[in-house]
Amino acid sequence: MRKKQKATNNLESVAEKIRLYFCARDAAREKVLRLSREVIRYSANAIRAVHRREEIKAEQLLGSARALLEELANDVLQNNDELAHSGIVHDAQKEFAEASTTLAIVAGKSLPEPEALGVSYPAYLNGMGEAVGEIRRYILDSLRRNDLSLCEELLETMDEIYAVLMTMDFPEVITYGLRRTSDAVRGILERTRGDLTMALRQKELEDKLEQRQEKDNKTRT
C-alpha cells in the first residue's frame with residue numbers, strides 16, 4: 001500500500017515564498033514613506049521661500065521634490081498599486097501641488113496642470129485649495145509692507161479657485177476630503193476680502209488727507 005504524503009510537506013516552501021513577498025512589500029512601503037516625507041519637506045521649504053520673495057530658491061526646492069515624486073512613481077508605485085493610493089502618497093502630492101500652485105500664482109504664471117506635476121486630481125485640487133491659505137498669508141505680508149499692488153489680483157485668483165472647487169461636488173471617498181478644503185477656503189476668502197477692503201479704505205483715506213495737506217500748504221504759500 002502506497003504511503004500518503006504528509007499534507008504539510010510543502011508548507012515551508014509556501015511560507016518562504018510568502019515571507020519574501022512580505023519583505024518586498026515592506027521594503028517598498030519604507031521607501032514610499034521616506035520619499036514622501038522628503039517631498040513634503042522640500043515643498044514646505046519652497047513655500048517658505050515664496051513668502052521670503054526667494055522665487056529662484058523655491059523653484060530649486062520644487063525641482064528636488066519633483067525628482068523624488070518621479071522616483072516614487074517609476075521605481076515603487078507602478079509595481080505597488082495599493083501604495084499609490086495610500087494617505088502618505090496623497091499628502092506628498094498634495095503638498096507639492098500646494099507649493100507649485102502658490103509659486104505660480106505669486107509669480108503671475110499659468111497654473112501648472114496636474115499631469116505636468118505628476119499628481120492625482122484629488123491631490124491637485126486639495127493642494128490648490130490649501131494654496132489659498134498661503135496666498136492669504138502673502139497678501140497680509142504685503143499689507144504690512146504697505147504694498148497693495150498685487151493684492152486685489154491675488155484676491156480675485158483666490159475667488160476663482162474657490163468657484164472651481166465648489167463645482168467638484170462628488171463623494172468624499174473620491175475627492176479625498178475636498179469638501180472640507182472648500183469650506184476652509186470659503187472662510188479664508190471672506191476674511192481676506194474683509195482685511196483687504198479695510199486696508200484699501202484706509203489707504204484711500206490717507207491719500208485724501210495727504211492731498212488735503214498739500215493743498216493747504218500751497219494755499220498758505
| Can you list the steps and then say if Leu69 with Leu72 is a side chain to side chain contact (heavy atoms under 4.5 Å, CB included)? | CA-CA 5 Å; Leu69 275 179; Leu72 195 60; 4.3 Å; yes

| Would the number of heavy atoms belonging to other residues, nucleotides or ligands and lying under 6.0 Å from CD of Glu115 be above 12? |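 Atom CD in Glu115 is packed in, count exceeds 12.
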
| By side-chain hydrogen bond (donor to acceptor under 3.5 Å, both in side chains), which residues pair with Arg144, not counting sequence neighbours? |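 Expected list: Asp141.
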
| Within 45 degrees of the axis of the six-membered ring of Tyr138 and under 6.0 Å from its centre: does Arg53 put its NZ or CZ there? |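 Satisfied, under 6.0 Å and within 45°.
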
| said: As a quick check of understanding, evaluate side chain to side chain contact (heavy atoms under 4.5 Å, CB included) for Ile105 and Glu134, giving each step before the final call. | reply: CA-CA 10 Å; Ile105 292 172; Glu134 297 302 332; over 6 Å; no

Is it the case that the side chain of [X] and the backbone of [Y] share a donor-acceptor pair, with hydrogens and angles ignored and the cut-off at 3.5 Å?
| X | Y | result |
| --- | --- | --- |
| Asp26 | Phe22 | no |
| Ser13 | Asn10 | yes |
| Gln93 | Ala123 | no |

| field | Glu12/Arg19 salt bridge by N-O under 4.0 Å criterion | value |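 Salt bridge: yes.
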
| Is the shortest side-chain N to carboxylate O distance from Glu95 to Arg41 below 4.0 Å? |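 Here Glu95 does not pair with Arg41 in a salt bridge, since their nearest N and O are not under 4.0 Å apart.
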
Kindly list each side-chain donor-acceptor pair under 3.5 angstrom involving residues 159-171, sequence neighbours excluded, with atom names and distances?
residue	atom	partner	partner atom	Å
Asp159	OD2	Arg193	NH2	3.3
Thr167	OG1	Val164	O	2.6
Asp169	OD1	Arg179	NH2	3.2

Using atom types as modelled, flag every donor-acceptor pair under 3.5 Å from a side chain in residues 54-66 to any protein atom, sequence neighbours excluded.
residue	atom	partner	partner atom	Å
Glu59	OE2	Lys109	NZ	3.2
Ser64	OG	Gln60	O	3.4
Arg66	NH1	Ala116	O	2.7

| request: Indicate whether the side chain of Ser142 and that of Asp147 have a donor and an acceptor atom separated by less than 3.5 Å. | output: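 Side chains of Ser142 and Asp147: no pair found under 3.5 Å.
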
